[in-house]
There are 2 protein chains.
Amino acid sequence: MTPLGNTELKSTGQRAVILEIIRRGGGHLDADEIHQRARKQLPRLSLSTVYRVLQKFKENGLIEERHLDENHHHYEISRRDEHHHLICSGCGKVIEFSLPVADIITARIPAANGFEIKNCEINLSGLCPECRQKA
Amino acid sequence: MTPLGNTELKSTGQRAVILEIIRRGGGHLDADEIHQRARKQLPRLSLSTVYRVLQKFKENGLIEERHLDENHHHYEISRRDEHHHLICSGCGKVIEFSLPVADIITARIPAANGFEIKNCEINLSGLCPECRQKA
DNA sequence: CTCCGTGCAAACCTTTTGCAGCCAC
DNA sequence: GTGGCTGCAAAAGGTTTGCACGGAG
């Protein structure tokens, strides 16, 4: 098999399946969901392999780890744009949006002067219009 | 003993000690650190009590839960202003700053229209000027 | 042939829960 | 006196690790 992306990772069936699932997953799958979906094709795939593969993918920049809630890690394919997620605590709907938060902070916060922001993640939750109406 | 704040919580020695530790803690203690510090005054205090007290304090708005890293919950005394944390991954230094992110998003993101943002937390990490120089 | 990758089981760590006794109100 | 609070121990849930085997390069 050909290598995964431009990485030095060995290309295996498990990795191909997992990467494809993440790609198709719309971006908000946790390890357990990935495992369950992957098992349909690879019934003997173990959860620890999923975790190890996710770790490797992350190290190699193929995917990014998100923390949409405080209990799980979620994974999505790496993208260029800085984007964030707004989650409805009523129905679980996820709204994605772009906002250069790091730039805004650098520009507006004197205390952040000279600080090199490497990682920026926003966790937002609230109620979407539909759920507000119900409440 | 007098009630804690204006809440309906029963006032106990354990709660007073824990609240005082959080107050003095500069705002970034996790449950285990709180437990260890509290034990100096209450050697028999159990970790589960710490968790239960934190839960109660949170429900009653006395403290807020933060997620400065993905592995632990951190706690700080509730404040009025929307403020966030910039963490140096080199030395662990925490820079606090105010920024009405929720307002910025509401104003700039059409997709967020009608969404009621209840909770907003930013996780930022990077390198402070000193650590940048060392690297 | 050599390592890296994998499955399995067990360990780990933070957080939660069940239960019996205790204390603030 | 009663219901909430506490300590202890055990469980839960997500994630990591040790080990021996197997497969990619």
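Order of the sequence lines fixes the chain letters, A, B, ..., with proteins taken first and strands second; residue numbering starts at 1 for each chain.
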* To do: Grab the CG-P distance between B:Leu54 and C:dT16 for me, whole Å please.
  => 10 Å

* Counting only N and O atoms by type, is there a donor-acceptor contact under 3.5 Å from the side chain of B:Ser89 to the main-chain atoms of B:Gly126? -> yes

* **Counterpart residues, salt bridge (charged side-chain N to carboxylate O under 4.0 Å, His left out), relative to A:Arg132 (two or more places apart)** => B:Glu116

* Asked: Considering the options A:Glu33, A:His85, A:Arg66, which one meets the side chain to side chain contact (heavy atoms under 4.5 Å, CB included) requirement together with A:His28?
  -> A:His85

Short N/O separations, protein against nucleotides 1-3 of chain D, under 3.5 angstrom:
unit_1 : atom_1 : unit_2  : atom_2 : d
D:dG3  : N2     : B:Lys10 : NZ     : 3.1

* Mind calculating the distance between CD (B:Glu33) and C1' (C:dC13) to the nearest angstrom? => 15 Å

* **Residue pair A:His67 / A:His73, side-chain heavy-atom distance below 4.5 Å** => yes

* Integer-rounded Å distance: C:dT16 C1' and A:Glu70 CD -> 14 Å

* **B:Arg37 and B:Glu20 ion-paired at < 4.0 Å** => no

* Asked: With side chains defined as the heavy atoms from C-beta onward, is the minimum distance between A:Ile63 and A:Glu76 less than 4.5 Å?
  -> no

* Asked: Taking ILVMFWY side chains as joined if any heavy atoms are under 4.5 angstrom apart, and letting links pass through other members, which residues group with A:Val101?
  -> A:Leu86, A:Ile95, A:Phe97, A:Leu99, A:Ile104, A:Ile105, A:Ile109, A:Phe115, A:Ile117, A:Ile122, A:Leu124, B:Leu86, B:Ile95, B:Phe97, B:Leu99, B:Val101, B:Ile104, B:Ile105, B:Ile109, B:Phe115, B:Ile117, B:Ile122, B:Leu124

* Structure fact -> When rounded to whole Å, the CG to P distance for the pair B:Leu9 and C:dC25 reads 11 Å

* In the 5'-to-3' direction, what one-character label does each nucleotide of nucleotides 8-16 of chain D receive under the scheme B = base within less than 4.0 Å of a protein heavy atom, S = sugar-phosphate only, - = no such atom? -> BB----SBB

* Asked: Taking the side chain from B:Ser125 and the backbone from B:Cys88, do they hold a donor-acceptor pair closer than 3.5 Å?
  -> no

* Asked: Are the side chains of A:Tyr75 and A:Leu29 in touch, meaning some heavy atoms are under 4.5 Å apart?
  -> no

* DNA chain D contacts made by residues 35-43 of chain A, counting heavy atoms under 4.0 Å -> none

* Student check: side-chain heavy atoms of B:Leu45 and B:Val17 closer than 4.5 Å -> no

* To do: Quick one: the dot-bracket string of DNA chain C, using Watson-Crick and G-U wobble pairs with both distances under 3.5 Å, [ ] for crossing pairs and | for bases paired to another strand.
  => |||||||||||||||||||||||||

* Side-chain (B:Arg15) to main-chain (B:Lys10) donor-acceptor, under 3.5 angstrom -> yes

* Got a salt bridge between A:Glu130 and A:Lys93, using NZ or NE/NH1/NH2 to carboxylate O under 4.0 Å? -> yes

* **Below 4.0 Å: OP1/OP2 of D:dG7 and any side-chain N or O of B:Gln14** => yes

* **With A:Ser98, the side chain to side chain contact (heavy atoms under 4.5 Å, CB included) member among A:Arg79, A:His83, A:Glu82** => A:His83

* Spacing between B:Phe57 atom CZ and D:dT6 atom C1', to the nearest angstrom -> 14 Å

* If only side-chain N and O atoms of A:Ser11 are considered, is one of them under 4.0 Å from the OP1 or OP2 phosphate oxygen of D:dA24? -> no

